[in-house]
Protein chains: 2
Amino acid sequence: MQKIIDTKITPLQNHLLSVLPDEVKERLFPFVELVKLELGEVMYEAGDTLANVYFPVDSIVSLLYVMESGASAEISVVGNEGVVGIALFMGGESTSSRAVIQSAGYAYRLKGKRLTEEFHRHGKLLGLMLRYTQSLITQMSQTAVCNRHHTIDQQLCRWLLLSLDRLPDNNLTMTQELIANMLGVRREGVTEAAGKLQKLGVIDYHRGHITVLNRQKLEQLSCECYAVVKKETDRLLPHGNEKFYYHSQNVINL
Amino acid sequence: MQKIIDTKITPLQNHLLSVLPDEVKERLFPFVELVKLELGEVMYEAGDTLANVYFPVDSIVSLLYVMESGASAEISVVGNEGVVGIALFMGGESTSSRAVIQSAGYAYRLKGKRLTEEFHRHGKLLGLMLRYTQSLITQMSQTAVCNRHHTIDQQLCRWLLLSLDRLPDNNLTMTQELIANMLGVRREGVTEAAGKLQKLGVIDYHRGHITVLNRQKLEQLSCECYAVVKKETDRLLPHGNEKFYYHSQNVINL
DNA sequence: ATTGCTCTGTTCGATACCGTACACACTACT
DNA sequence: AGTAGTGTGTACGGTATCGAACAGAGCAAT
């Protein structure tokens, strides 16, 4: 299913795409396709062979591990700062994680073949992908440690901040049940933690819609993990020029 | 400090080095240096700029995160199946993790410059490094999930198996205190878990020396995390030819 | 208005792990 | 033999999280 829309969306809204040298942009952009991602859709399952990579624009994708028991835990988040499908260029073709749309929106899709062709032509893109991958590794590592040492309250704050950074405003569409899956805890645990934040006036939520009212306080209440990851990511991937141009284009459903 | 020893050690005992094409071996091996690693030594601190990568032969290196509070947790282990210092070729130059020698032994050191030079000359080495990095990512992810969902008992089993795979025999030199640091739990927790394994006749240990008596049982008692990581690693990095040749060579202390 | 469904709030006992404290055992050194 | 130091065993209360069960509240469709 395709339709042409007049959007305010451009590949440049993805940080990785926006910092590429102009010549690489010129070669690559004709081949990227705009894809619409719906909340809860599964982008790929653990073990799937990947054919495309996705550069989120205003969507958020959650990488999560599912255990034999069915219990799950999010190991990292990807928004417009990153790319989904690193296994494709890392050479493994698949991963043992599942990718789920955590926040609906758009992403640009690129065929894996185009990507790897570009790798051989010019090292810039590869270098960028690798630095991004390293920042992802940082996030995963910090998650591992955070799971071990920090309370649900702290982790919820961390998680909200991670989401906030990848959204255009302060509203996230997300039930407590889903957050619980991401954090790998019971839904009741999230209810309790969210209740505290509500009482403190930090957030406001109603049936699957959360609004962050006081970001600063959220940062105070969060564990160090958020800041550590942010700092390291900024080091690895300095922000590029963030001016955008808009145009009409095709949209495809995932 | 240097001395020439007659060892039974060769670069081929490291799996990554051993699967390289002959031409790459010929270019690279003249530049690798044998390094002796002592138990407990810190290979690099979080944030250190890396100048070398290390290919362990019979040593084990633990990558661990240290939090502001001083609490720590191991996020992955590297033995002769891998390489320490991926940040160097990922482009980040440093990581937020610390690398500690978990089991004394030898490793081959290669200047980062030599490594990246080889990347430009021939894609084989890069591809291998990237696939290894992906297997490392798998390990980190699984660790994150394991920290969330599994008991200390299960995790101790997993940890012992990870160590066992990287050692020549069934003996590991390791106090409960150190294991506790790796797992990010209290020493008493390890004492208790180890006590159970002792009673079951699975392990035998005395003041910092652990002998695994029944590996099969250990695998049964472990959580799935060990098997998942092993399977994925085998997929990403098929074993090469493991015949070795021996010769005299220099040894350097770290 | 009724019904049904999803999302949230609350309770209760169970349990895994923590923090603290201390006793004991083995080893090495004097 | 005595002493110091390191590694291990155990005990106790405190707490965060779990598992299960259920009640209510908001929303949608009929």
Side-chain angles (χ1 to χ4, degrees), chain A residues 39-40 67 69-74 102 144-160 171-200 202-211 221-223 225, chain B residues 39-40 67 69-73 102 144-160 171-200 202-211 221-223:
Chain A
L39 179 64
M67 320 221 60
S69 68
S72 62
E74 180 180 80
Q102 183 197 306
V145 181
C146 194
N147 280 350
R148 165 64 69 215
H149 294 289
H150 297 141
T151 63
I152 294 187
D153 302 82
Q154 292 175 305
Q155 293 188 54
L156 176 60
C157 294
R158 171 179 67 89
W159 190 88
L160 287 171
N171 300 302
L172 29 167
T173 303
M174 186 57 50
T175 66
Q176 300 185 346
E177 177 79 40
L178 285 175
I179 299 180
N181 284 334
M182 303 290 175
L183 297 183
V185 299
R186 287 178 322 149
R187 192 223 79 219
E188 292 89 331
V190 175
T191 301
E192 210 168 334
K196 290 184 200 169
L197 291 180
Q198 175 109 284
K199 244 172 213 148
L200 289 170
V202 178
I203 64 170
D204 181 70
Y205 67 92
H206 293 290
R207 294 182 66 75
H209 292 272
I210 306 179
T211 307
L221 294 170
S222 168
C223 46
C225 299
Chain B
L39 178 66
M67 322 221 60
S69 69
S72 63
Q102 183 196 307
V145 181
C146 195
N147 280 350
R148 164 64 67 215
H149 293 290
H150 297 141
T151 63
I152 294 187
D153 302 86
Q154 292 174 306
Q155 293 189 54
L156 177 59
C157 293
R158 172 179 67 88
W159 190 88
L160 287 172
N171 301 301
L172 29 167
T173 304
M174 187 57 50
T175 65
Q176 301 186 344
E177 177 79 41
L178 285 175
I179 298 180
N181 284 335
M182 302 293 173
L183 296 183
V185 299
R186 287 181 322 151
R187 192 223 79 219
E188 293 87 332
V190 175
T191 302
E192 210 168 334
K196 291 183 198 169
L197 292 180
Q198 175 109 282
K199 246 171 211 148
L200 289 169
V202 178
I203 64 169
D204 181 71
Y205 68 92
H206 293 290
R207 295 182 68 75
H209 292 273
I210 306 180
T211 307
L221 294 170
S222 168
C223 47

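Chain letters run A, B, ... following the sequence lines, proteins first, then strands; residues in each count from 1.
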Output the rounded distance in Å from CG (L197(B)) to P (dT8(D)). 14 Å
I need the CD1-P distance between I203(A) and dT8(C), as an integer number of Å. 10 Å
Separation of dT15(C) atom P from H150(B) atom NE2, nearest Å, is 19 Å
I need the minimum non-hydrogen distance between G189(A) and I152(A), along with the two atoms involved. O-CG2, 3.9 Å
Pairs in or reaching into residues 149-158 of chain B: which pass salt bridge (charged side-chain N to carboxylate O under 4.0 Å, His left out), with residues at least two apart or in two chains? D153(B)-K196(B)
Whole angstrom value for the distance that separates P of dG9(C) from CD of E192(A): 11 Å
From CA spacing to verdict: side chain to side chain contact (heavy atoms under 4.5 Å, CB included), L197(B), C157(B): CA-CA 9 Å; L197(B) 292 180; C157(B) 293; 4.0 Å; yes
First locate atom CD1 of I210(A), then atom CD1 of I203(A), and finally report the distance between them rounded to the nearest 0.5 Å. 5.5 Å
For the student: nearest non-hydrogen atoms of R148(A) and L183(B), plus distance: NE-O, 3.0 Å
Y205(B) side-chain N/O to dA25(C) phosphate OP1/OP2 under 4.0 Å: no
Indicate for each nucleotide in nucleotides 20-30 of chain D, in 5' to 3' sequence, whether protein heavy atoms under 4.0 Å reach the base (B), only the sugar-phosphate (S), or nothing (-). BB---BBS---
To the nearest 0.5 angstrom, please state how far the OG1 atom of T173(B) sits from the CG atom of L178(B). 10.5 Å
The residue among M182(B), H149(B), H150(B) that forms side chain to side chain contact (heavy atoms under 4.5 Å, CB included) with Q155(B) is H150(B)
Specify the separation, in whole Å, of atom CE of M174(B) and atom C1' of dT6(D). 16 Å
Value rounded to 0.5 Å, distance of CG in D204(B) from OG1 in T211(B): 5.5 Å
List the atom of V145(B), the atom of A73(A), and the distance in Å for their closest heavy-atom pair. CG2-CB, 4.2 Å
Using whole Å, report how far CG of N147(B) lies from P of dC18(C). 11 Å
Would W159(B) and L172(B) count as a side chain to side chain contact (heavy atoms under 4.5 Å, CB included) here? Give the steps. CA-CA 12 Å; W159(B) 190 88; L172(B) 29 167; 3.9 Å; yes
Pull out every residue in residues 175-185 of chain B that has a heavy atom closer than 4.0 Å to any atom of DNA chain D, ordered by number, or say none. T175(B), Q176(B)
So which heavy atom on G195(B) is nearest to which on Y205(B), and how close? N-OH, 3.9 Å
Inter- and intrachain pairs under side-chain hydrogen bond (donor to acceptor under 3.5 Å, both in side chains), touching residues 184-193 of chain B, at least two apart: Q176(B)-T191(B), R187(B)-T191(B)
Can you tell which of dC18(D), dC17(C), dT8(C) lies closest to the side chain of I152(A)? dC18(D)
Just call it for G208(B): base, sugar-phosphate, or nothing, with non-hydrogen atoms closer than 4.0 Å on any strand. sugar-phosphate
Please say which of L221(A), T151(A), I179(A) ends up in a side chain to side chain contact (heavy atoms under 4.5 Å, CB included) with L156(A). I179(A)
Bend of the helix from dA1(C)-dT30(D) to dT30(C)-dA1(D) from end-axis comparison, five pairs per end, nearest 10°, comes to 30°
Pull out every protein N or O sitting under 3.5 Å from an N or O of nucleotides 1-4 of chain C, one pair per line with the distance.
none

Tell me the interatomic distance from H149(A), atom NE2, to dT15(D), atom C1', rounded to whole angstroms. 17 Å
